[in-house]
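Heads up, the thing below is written out as structure tokens.
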Amino acid sequence: MENVFQLWVYLSASPLLWLTVTLGAYLLAETIARAARYAALANPVLIAVALVALLLHLTRTAYPTYFAGAQFVHFLLGPATVALAVPLVREAARVRRLILPVLAALAAGSTTAIVTAMGVAWALGATPEVVVSLAPKSVTTPIAMGIAAANGGVPALTAVFVLMTGVIGGISVTPLMNLLRVRDYTARGFAAGLASHGIGTARAFQVNRLAGTFAGLALALNGLATSLLVPLILALWR
Amino acid sequence: MLRALFALLFFQLAGEVTARGLDLPVPGPVIGFVLLALLLAAWPAARREIEPVADGLLRHLSLLFVPAAVGVIQQWGLVRTQALPIGVALVVSTWAALAVTALVFRAVARRLGLADAIGEAG
């Protein structure tokens, strides 16, 4: 028993354990999602997070200890963002033809994402700090945190909102598009990436490669659009 | 595979250097994404080298969000006191953004007679 305890003390402090747990939880989540025929609610991010969080809770492991191992996975978000260029170039001809729908949807969608988040929170009595921190919630975390910091929001709060938005978007994009009878993968993917950044893009790639390509394009474009629009909208708001 | 990995890291690094050097409000990886797109457009032969690794990474994009998303649960205390306005705002706004984006995209494409380019039906 003493030995088991010592082994646990050793392993729980090493990156190996939590890196393995992260990959294992994701593989299990993938298997569950596949068994559910990639139904929207069986979102692999959500399932994997629930599994890992449960394990951390049961073993009373602090998040920084977990992250020391999981950071190797987290690090790959950078190269993966760069990698979005590959499908984009593959579909370059199509993107060029669709440039006007892309720009129109970008302007309308980006403005909607910012204004509705701020408006609803404000109407329901959220503090000004929270209202501003919500404004960039649809864009990828590093851009969103930068926007929050530059405009009087709380970056840590924004990071939480961004991830929640990603999960909400990843789960609801398929049923919502079916409800609206939008069947085109370019439009569906572009909406997923614009409204819910990388997690929406991950969902889009899970469904269809063309959808994923347009989601990646939307993620990048909305990062730029939101950095320009938030200060503008805040100036009008105040 | 090693060359592709090197290219992705190199462009991320180039993006970081550009973003910090020029004090741009955009994160390094997003600049790296633009730089790599430019390179691949100018030099299509490089695509074959990078494609397998890029596609492999993107196929498991969901995995990469797990460590950060686990952290959100720890931040529950920040959100708890205003959980209702925050929760309603996030859901309503995400749905509104999804709907407006997709509907505007499709309407403009149809108006311009681009229905054939908007992709196979889902």
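Residue numbers start from 1 in every chain, and the chains themselves are labelled A, B, ... in the order their sequence lines are given, proteins ahead of strands. Only heavy atoms go into these numbers, but all of them, side chains included; no hydrogens, no water, no symmetry mates.
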For this session: Could you check which of Ala41(B), Gly28(B), Pro29(B) has the highest count of heavy-atom pairs closer than 4.5 Å to chain A?
Result: Pro29(B)

Problem set entry | Atom group of Leu36(B) that falls short of 4.5 Å from chain A, counting heavy atoms | both

Seminar exercise, completed: Looking only at Ala97(B), Ala7(B), Pro67(B), the option with the highest number of non-hydrogen pairs under 4.5 Å against chain A is Pro67(B)

Problem set entry | Per-residue contact mode, Leu98(B) against chain A (heavy atom under 4.5 angstrom) | both

Exercise. Which atoms form the tightest heavy-atom contact between Leu124(A) and Pro85(B), and what is the distance?
Worked result: CB-CB, 3.7 Å

For this session: Could you check which of Leu8(B), Leu35(B), Ile73(B), Val34(B) has the highest count of heavy-atom pairs closer than 4.5 Å to chain A?
Result: Leu8(B)

Exercise. Between Leu57(B) and chain A, which part of the residue has a heavy atom less than 4.5 Å away: side chain, backbone, both or neither?
Worked result: side chain

Problem set entry | Minimum-distance pair of heavy atoms, taken over all atoms of Tyr26(A) and Ser62(B) | CE1-CB, 3.8 Å

Exercise. Can you check whether Ile171(A)'s main-chain N or O pairs, donor with acceptor, with Arg203(A)'s side chain at less than 3.5 Å?
Worked result: no

Exercise. What's the spacing between Leu98(A) CG and Glu91(A) CD if we round to 0.5 Å?
Worked result: 10.0 Å

Exercise. Considering residues, nucleotides and ligands other than Tyr38(A), do more than 12 of their heavy atoms fall under 6.0 Å from its OH?
Worked result: yes

For this session: Sort Phe205(A) into side chain, backbone, both or neither according to what part of it lies under 4.5 angstrom from a heavy atom of chain B.
Result: side chain

Exercise. Considering only heavy atoms, which portion of Thr201(A) lies under 4.5 Å from any heavy atom of chain B: side chain, backbone, both, or neither?
Worked result: both

Exercise. Pro87(A) versus chain B, heavy atoms under 4.5 Å apart: side chain, backbone, both or neither?
Worked result: side chain

For this session: Quick one: pull up NZ in Lys137(A) and CD1 in Ile114(A) and give me the separation to the nearest 0.5 Å.
Result: 8.5 Å

Exercise. How close do Pro101(A) and Phe105(B) get, heavy atom to heavy atom, and via which atoms?
Worked result: CB-O, 3.6 Å

Seminar exercise, completed: Heavy atoms of Val139(A) and Val162(A) approach each other most closely as O-CG1, 3.4 Å

Problem set entry | Segment of Leu76(A) engaging chain B (4.5 angstrom heavy-atom cut-off) | both

For this session: Could you look at Glu51(B) and say if it's the side chain, the backbone, both or neither that has a heavy atom under 4.5 Å from chain A?
Result: both

Problem set entry | Asp184(A) side chain vs Ala187(A) backbone, donor-acceptor pair below 3.5 Å | no

Exercise. Any donor-acceptor pair under 3.5 Å linking the side chain of Ser93(B) with the backbone of Ala113(A)?
Worked result: yes

Problem set entry | Proximity breakdown for Arg59(B) and chain A, heavy-atom pairs closer than 4.5 Å | backbone

Exercise. Which residue out of Asp116(B), Leu103(B), Thr81(B), Ile50(B) racks up the most heavy-atom pairs below 4.5 Å with chain A?
Worked result: Asp116(B)

For this session: May I ask you to name which of Trp122(A), Phe214(A), Phe161(A), Phe75(A) has the most heavy-atom pairs under 4.5 Å with chain B?
Result: Phe161(A)

Exercise. What pair of heavy atoms forms the shortest contact from Ala191(A) to Thr101(B), and how long is it?
Worked result: CA-CG2, 3.7 Å

For this session: Please check if atom CG in Leu2(B) has more than 12 non-hydrogen atoms from other residues, nucleotides or ligands closer than 6.0 Å.
Result: no

Exercise. In terms of heavy-atom proximity below 4.5 Å to chain B, should Leu56(A) be classed as side chain, backbone, both, or neither?
Worked result: side chain

Problem set entry | Part of Leu224(A) within contact of chain B (heavy atom distance under 4.5 Å) | side chain

For this session: May I ask you to name which of Gly119(A), Ala105(A), Ala62(A) has the most heavy-atom pairs under 4.5 Å with chain B?
Result: Ala105(A)

Problem set entry | Check: Ser133(A) side chain, Val154(A) main-chain N or O, donor-acceptor pair, under 3.5 Å | yes

For this session: Look at the side chain of Asn222(A) and the backbone N and O of Ala218(A), then say whether any donor-acceptor pair between them is shorter than 3.5 Å.
Result: no

For this session: Select, from Leu84(B), Leu9(B), Val30(B), Asp55(B), the one with the greatest count of heavy-atom pairs under 4.5 Å involving chain A.
Result: Asp55(B)

Exercise. Between Tyr66(A) and Trp18(A), what is the ring plane arrangement, given parallel below 30°, perpendicular above 60°, and tilted in between?
Worked result: perpendicular

Exercise. Do you know which of Leu157(A), Val207(A), Ile143(A) has the most heavy-atom pairs with chain B at a distance under 4.5 angstrom?
Worked result: Ile143(A)

Exercise. What part of Ile199(A) gets closer than 4.5 Å to chain B, counting heavy atoms only: side chain, backbone, both or neither?
Worked result: both

Exercise. If you count heavy-atom pairs under 4.5 Å with chain B, which of Arg209(A), Met177(A), Arg90(A), Met118(A) comes out on top?
Worked result: Arg90(A)

Exercise. Looking at Ala25(A), Ala48(A), Ser138(A), Pro79(A), which has the largest count of heavy-atom pairs under 4.5 Å with chain B?
Worked result: Pro79(A)

For this session: Check whether Ala108(A) gets within reach of chain B through its side chain, its backbone, both or neither, counting any heavy atom under 4.5 Å.
Result: both

For this session: Side chain from CB out, backbone as N, CA, C, O: work out which of these in Val130(A) comes under 4.5 Å of a heavy atom of chain B, or both, or neither.
Result: side chain

For this session: Would you mind checking which part of Val89(A) comes under 4.5 Å of any heavy atom in chain B, side chain (CB onward), backbone (N, CA, C, O), both or neither?
Result: both

Problem set entry | Top contributor to chain B interface from Thr127(A), Thr22(A), Leu46(A), Leu134(A) [non-hydrogen pairs under 4.5 Å] | Thr127(A)

Problem set entry | Taking every non-hydrogen atom, the tightest pair across Val108(B) and Ala104(A) | CG2-CB, 3.7 Å

Problem set entry | Side chain / backbone / both / neither for Leu100(A) at chain B, heavy atoms under 4.5 Å | both

Problem set entry | Proximal component of Val102(A), with respect to chain B [non-hydrogen, under 4.5 Å] | both

For this session: Check the pair Thr186(A), Phe190(A) against side-chain contact (heavy atoms from CB on, under 4.5 Å), reporting the backbone distance first and the verdict last.
Result: CA-CA 6 Å; Thr186(A) 50; Phe190(A) 196 80; over 6 Å; no

Problem set entry | Leu112(B) versus chain A, the contacting section by heavy-atom distance below 4.5 Å | side chain

